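Note that the numbering runs from 1 along the sequence shown for the chain. All values below come from the heavy atoms of this structure, side chains included, with hydrogens, waters and symmetry mates left out. Here the structure is a predicted model, which is why all the values come from computation and not from measurement.
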Amino acid sequence: MTDGAEEAIVFEEPPAAAAAGASVLRGALATLPGSPGVYRMLDAKGDALYVGKARDIKRRVSQYLQFNRLPHRLLRMVAETRALEIVSTHTEVEALLLESNLIKRLKPRYNVLLRDDKSFPYIALIEDHEFPQLAKHRGGRDRKGSYYGPFASAGAVNQTLTALQRAFLLRSCSDAVFSSRTRPCLLHQIKRCSAPCVGRIDAPGYAGLLAEAKDFLEGRSREAQDKLALRMQAASDAMDFETAAMYRDRIRALTAVQARQDINVDDLGDCDVIALASEGGQTCLQVFFFRGGRNYGNRAYFPRHDKSQGEPEILQAFLGQFYDDKPPPPSLALSHEPPERELIERALGEKAGRRVRVLVPERGAKRKPVEHALANARETLARRLAETGAQAKLLAGVAETFGLDAPPKRIEVYDNSHIQGAHALGAMIVAGPEGFVKNQYRKFNIKGAGKSDTAGGGDDFAMMREVFERRFGRALREDPDRSAGAWPDLVLVDGGEGQLNAALAALAELGVEDLAVVGVAKGPERDAGRERFFVPGRAPFRLEPRDPVLYYLQRLRDEAHRFAIGGHRARRAGALRRSALDEIAGIGPRRKKALLLHFGSASGVKLAGLSDLEAVPGVGPDAAKKIYDHFHGGG
C-alpha cells in the first residue's frame, strides 16, 4: 500500500454513526507498527468488541477505515469502538495463537465464539507404580503415564474402560486401595482384574498385559487380538479349556469395543474429522475423534457468529479456539478449506511440537469419514432448527401468559433446598431461546437469617430474600446499565405468594422494580398440572392442563428443583464426611489418620483417656492433651 493510498483510506468520510470510532482508529494509526500482532477494539466500558490478528497491524487496522467496503457488522463494530489496544508478536503464528486465546477468554461480541468448551475424558495408564493403573482421566497430566483419547463423552470412555478391563485385566483401583487389600476384590471375581494387589500375578506377567493394552490403544488391535487367539488355541490344544475360555472372553471384549465404534477407517490413524453445515444463519460443526483408525465418538458445536460470515471463516475461527487448550492430533480432515490453511498448520504444529497436517479430502478413504461427519452435522442442525422453532413458540406463549412485551431471551428460575434449615442452599437456573444455559447456573450457600443448624427449620422467605439480594446486588454493581445480557427478562420463583413477596421485597430494597417476577406454586398435594401462578397485580391463576406453555414452565421448575437438590445433597455429603477431629486446631491430616486407625472412629477418639491418646504413634503428650481437652472441656 502506497503512502497516498493510505492517506486516502485515513481521510475517507465515515458514516455519521461511525464518526467517533473512526476518529479513534485514525488517531491510533500513526503509532501502530507494521509488524505481526493482535489488536483489540474496546467499547466505552473497556470491554472487548473484537480481537483480531494481523501480519501487519497498521495495514490491517487501516482497512477498517475503508467504510464503503465494510459489511454492516463491521460498521457497527467501528461505531462502538472507543479504544484500540495492540500486542506485538514475533510471527504471525504467535499472533494467531494469542488471538485464539484472547477470544476464548474475553468472548468479544463481534468474533466467532465457541460456546460449549467442556473438557474431554481420556483413558490413562498411570505408570508411576510397579503395577500401573487403568483409569479415566480429565485435566492436567501431572502423573507419569500414557494418555489415550480424547473420547467424546464420559459414556464412551466408561464403556471402553469396562471392555479394556475384561480384555487386559489391569487394575483400576487407586494406589491407596491397592496397598490396603488383603484379598482379591469383586473385580477379580468377575474376571475384570488380575489381582496384582494380592500377588495373583507377578510384575513381569502384569507388564505383558500392559504391553498388550498399549498395542490395542495405539492402533495395533489386530496384533493384540492375534496374540490372544494364538494363546486360546494353545490352551485348547492342551485341553486347558478354562484358560481357553478366559482368552475367548478377552477377545470378545476387544471385539465389543470395535463394534461400538461405528465407523472405523484403518489408514486414518490419529485424526480429528471436522465438518461444518449451515442453514438459516446457524452453523453446526461435528467433530469426530479417530485414534488408531478407531472412532472415539463425536460432539456437536454451535458457534455464535454473525449471519454474514462465511463457512470457511467460521471453520478457521473454530479451529483456533477448539485447540487452544488441547493438543491437536497429527492430522485434521476438514469439510471446508480454511482461508489460511498453511498458517493454521504452522500454529497447530507449534502447539503440538510436531507437524500437523490439515487435509480437505475430495475423494478416497479419507473422504468417507468427512461425508459421514457432514451428514451428521446437517441432521443435527436440522433438529436444532426445529427445536428452536418450537422453543420460539413456547417463549411467545410465555410472554402472552405473563403479559410481557416480547418473548423472553433470558429466564431465571430460583429454588431453595434444605432440611429444617440445615445445609441451606439457593439455586438459580437459566433458560433462553436455545434451551437451558448451564454455564450460567449458580448456587448460593445461605449465610444469613434463613440458615439454621438446629431442629425447628429455617426461614424459606428469608432464604429467598438473601438469594435475590446477592444475585441482583452483584448485577447492579457489575452491569448497572444492563448491557451485558446478564439481566433476566422473566424471573420465576418456585413457591407461592410468600416466596414471591420475599423476592419482590429484596428487589425493591435494591431499587429494582421493573423486572417481571412470577411465583409458581405447586398444586394441591403437589399435583403437577394444577400449579398456580402468582403475578403482581393479578389474581392467582392456572393454565389448562394440556397447555404446552404449562409443560414448559414445569420443565423449568423441575430443572431448578433438580439443581437445588443436587447442590444440597453435595453440601450435606461434604458435612457428613467431616470428622469431629477436623474441629481441633493444630491436628493435621497425619495425626487424624493415626488416631482413626488406632481407635477406629472419631467417637472412639472422643471416649479415649489421656494415656490412651498418648500411646498413639505420632501423637505425643502435647497433642494428646489438646485432643483430650477439646472433647472434655479442659483448659
Would you sort out whether Val370 and Leu334 count as a side-chain contact (heavy atoms from CB on, under 4.5 Å), showing the intermediate values?
CA-CA 7 Å; Val370 173; Leu334 310 180; over 6 Å; no
Can you check salt bridge (charged side-chain N to carboxylate O under 4.0 Å, His left out) on Glu371 and Arg367, steps first, answer last?
CA-CA 6 Å; Glu371 290 287 355; Arg367 183 64 190 177; 3.0 Å; yes
Is there a side-chain contact between Pro369 and Phe290 in this structure, where contact means two heavy atoms from C-beta onward sitting under 4.5 Å apart?
yes
Return the set of residues passing ring-ring contact (aromatic ring centres under 6.0 Å, His included) with Tyr147 (not counting sequence neighbours), or none when no residue passes.
His137
Does a sphere of radius 6.0 Å around CZ in Arg474 hold more than 12 heavy atoms from other residues, nucleotides or ligands, not counting ones at 6.0 Å or beyond?
no
With a 3.5 Å distance limit and no angle check, can you tell me whether Ser236 reaches the backbone of Met232 through a side-chain donor-acceptor pair?
no
Where do Arg442 and Asn439 come nearest, in terms of heavy atoms and distance?
NH1-O, 3.3 Å
List, one per line, each side-chain donor-acceptor pair under 3.5 Å for residues 191-199, sequence neighbours excluded.
unit_1	atom_1	unit_2	atom_2	d
Arg192	NE	Gln165	OE1	3.1
Arg192	NH2	Gln165	OE1	2.7
Ser194	OG	Leu169	O	2.9

So does Arg141 have more than 12 non-hydrogen atoms from other groups sitting under 6.0 Å from CZ?
yes
Salt bridge (charged side-chain N to carboxylate O under 4.0 Å, His left out) assessment of Arg143 paired with Asp175
CA-CA 13 Å; Arg143 295 184 66 184; Asp175 291 351; 3.2 Å; yes
If the plane angle is over 60° it's perpendicular, under 30° parallel, otherwise tilted; pick one for Phe289 and Phe322.
parallel
Identify whether the distance between the nearest side-chain nitrogen and carboxylate oxygen of Arg304 and Glu434 falls below 4.0 Å.
no
Rounded to the nearest 0.5 Å, what separates atom OH in Tyr206 from atom CD1 in Ile201?
8.0 Å
Side chains of Gln189 and Pro184: does their closest heavy-atom pair fall under 4.5 Å?
no
Test log, rule salt bridge (charged side-chain N to carboxylate O under 4.0 Å, His left out), inputs Asp622 and Lys626:
CA-CA 6 Å; Asp622 293 340; Lys626 186 180 293 187; over 6 Å; no
Measure the shortest side-chain to side-chain distance between Ser172 and Leu161 over non-hydrogen atoms and say whether it is less than 4.5 angstrom.
no
Check ion pair Asp558-Arg562 (N to O, under 4.0 angstrom):
no
Could you walk me through whether Leu315 and Ile274 pass the side-chain contact (heavy atoms from CB on, under 4.5 Å) test, one step at a time?
CA-CA 9 Å; Leu315 178 57; Ile274 305 174; 3.9 Å; yes
Does Phe318 reach the side chain of Leu276, with side-chain heavy atoms less than 4.5 Å apart?
no
Between Leu217 and Leu164, is there a side-chain heavy-atom distance shorter than 4.5 Å?
yes
Give the ring-plane orientation class for His129 versus Phe131, where under 30° counts as parallel, over 60° as perpendicular and anything between as tilted.
tilted
Take Glu412 and Gln440 through the test side-chain contact (heavy atoms from CB on, under 4.5 Å) and record every step on the way to the result.
CA-CA 10 Å; Glu412 293 183 0; Gln440 295 286 309; over 6 Å; no
Kindly determine whether Ile123 and Tyr296 satisfy side-chain contact (heavy atoms from CB on, under 4.5 Å), including the steps that lead there.
CA-CA 11 Å; Ile123 285 177; Tyr296 279 5; over 6 Å; no
If every non-hydrogen atom of Pro328 is compared with every non-hydrogen atom of Val356, which pair is closest and at what distance?
CG-CG2, 4.1 Å
For a quick check under 3.5 Å, do Tyr441 and Glu559 share a side-chain donor-acceptor pair by atom type?
yes
Determine the minimum heavy-atom distance between Leu97 and Ala347, stating which atoms define it.
CD2-O, 3.8 Å
If I take atom CG from residue Leu319 and atom CG from residue Leu332, how far apart are they, to the nearest 0.5 angstrom?
6.5 Å
Has Arg555 got its NZ or CZ under 6.0 Å from the middle of the six-membered ring of Phe436, at an angle within 45 degrees of the ring axis?
no
Please report the closest heavy-atom contact between Gln286 and Thr380, naming both atoms and the distance.
NE2-OG1, 3.0 Å
One should read off an interatomic distance between Glu99 CD and Asp324 CG, to the nearest 0.5 angstrom, of 11.0 Å
With a 4.5 Å cut-off on side-chain heavy atoms, are Leu134 and Phe168 touching?
no
Atom of Pro121, atom of Val157 and distance for their closest heavy-atom approach:
CB-CG1, 4.0 Å
Tell me, please, which residues at least two apart from Tyr148 pass ring-ring contact (aromatic ring centres under 6.0 Å, His included).
none
About how many Å separate CD1 of Ile126 and CG of Leu170, when rounded to the nearest 0.5 Å?
12.0 Å
Student check: side-chain heavy atoms of Arg383 and Glu379 closer than 4.5 Å:
yes
Side chain to side chain, Met463 and Val467, heavy atoms closer than 4.5 Å
no
Quiz item: cation-pi between Arg471 and Tyr414, 6.0 Å / 45°
no
What closest approach, in Å, do Arg591 and Gly618 show between heavy atoms, and which atom pair accounts for it?
NE-O, 3.2 Å
Worked verdict on Arg291 versus Asp272 for salt bridge (charged side-chain N to carboxylate O under 4.0 Å, His left out)
CA-CA 8 Å; Arg291 296 298 181 266; Asp272 287 349; 3.0 Å; yes
May I ask you to check whether over 12 heavy atoms, not counting those of Arg357, lie within 6.0 Å of atom CZ?
no
Would you compute the distance between atom CG of Asp128 and atom CD of Gln133 and round it to the nearest 0.5 angstrom?
8.5 Å
Any donor-acceptor N or O pair under 3.5 Å, side chains Glu127, Ser146
yes
Value for NZ (Lys107) from CG (Leu114), rounded to nearest 0.5 Å, stands at 8.5 Å
Counting heavy atoms not belonging to Lys606, are there more than 12 under 6.0 Å from its NZ?
no
